[in-house]
Student: 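Got a structure for you, questions after.
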Amino acid sequence: MPNIKSSILSVKTDAKRHAKNAAEKSRVRTASRRVLDAIEAGNAEEAKSLLAAACKTIDQAAANRVYHKNAAGRKKSRLARKVNAMAKA
């Protein structure tokens with residue numbers, strides 16, 4: 001633990017920020033995993049509805065600057081490609 005007051009405050013704010021970011025990333029991973037599980041199960045309609053929910057979650061994370069906007073777009077694009085590929089097959 002640091003002795004300097006500003007460093008002590010920095011450690012505390014870093015811990016808070018880390019906790020919020022970790023929770024947000026966990027929500028994104030859960031939403032993505034639900035979409036992938038629906039794809040594996042072969043539920044096209046469920047996968048599409050879950051994709052919309054996952055995109056919203058990813059957009060919220062990007063708005064909170066947990067993910068860069070390009071990283072968020074890449075995540076959404078990869079999920080959408082998998083859903084679309086399953087719908088075609």
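On a predicted model such as this, the values are computed, not experimentally measured, just so you know.
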Student: How far apart are the closest heavy atoms of V35 and A47, and which atoms are they?
Tutor: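 Where V35 meets A47 most closely, the heavy atoms are CG1-O, 4.3 Å.
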Student: Please evaluate residues Q60 and E24 with respect to the criterion side-chain contact (heavy atoms from CB on, under 4.5 Å), reporting the C-alpha separation (whole Å), side-chain torsions for both, the decisive distance (0.1 Å), and the verdict.
Tutor: CA-CA 9 Å; Q60 286 172 342; E24 193 81 30; 4.3 Å; yes
Student: One pair to check against side-chain contact (heavy atoms from CB on, under 4.5 Å): R78 and R74. What are the steps and the verdict?
Tutor: CA-CA 6 Å; R78 287 178 179 174; R74 184 175 64 242; 3.4 Å; yes
Student: If I take atom CD1 from residue I4 and atom CG from residue L9, how far apart are they, to the nearest 0.5 angstrom?
Tutor: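 Nearest 0.5 Å value for the CD1-CG distance: 11.5 Å.
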Student: To the nearest 0.5 Å, how far apart are NZ in K56 and CG in L51?
Tutor: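 Output value for this atom pair is 14.0 Å.
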Student: Do side-chain atoms of T57 reach the backbone of A53 as a donor and acceptor pair under 3.5 angstrom?
Tutor: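 Indeed, once roles are kept as given, a pair shorter than 3.5 Å links the two residues.
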Student: Taking S77 for the side chain and G73 for the main chain, is one N or O donor matched with an acceptor at less than 3.5 Å?
Tutor: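 Here the side-chain-to-backbone pair does not exist.
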Student: Looking at CG of N21 and OG of S26, how far apart are the two atoms once the value is rounded to the nearest 0.5 Å?
Tutor: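 The OG atom of S26 is 12.5 Å from CG of N21, to the nearest 0.5 Å.
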Student: Taking D37 first and then R34, would you say they form a salt bridge - that is, a charged N and a carboxylate O separated by under 4.0 Å?
Tutor: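 Not counted as a salt bridge, because no side-chain N and carboxylate O are separated by less than 4.0 Å.
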Student: With a 4.5 Å cut-off on side-chain heavy atoms, are K76 and D59 touching?
Tutor: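 Yes, their side chains come closer than 4.5 Å.
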Student: Rounded to the nearest 0.5 Å, what separates atom NZ in K82 from atom CD in E40?
Tutor: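 Between atom NZ of K82 and atom CD of E40 there are 9.5 Å.
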Student: Looking at I58 and L79, what are the two nearest heavy atoms and their distance?
Tutor: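 Taking every non-hydrogen atom into account, CD1-CD1, 4.2 Å.
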Student: Any chance you could measure I39, atom CD1, to E46, atom CD, to the nearest 0.5 Å?
Tutor: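 CD of E46 is found 10.5 Å from CD1 of I39.
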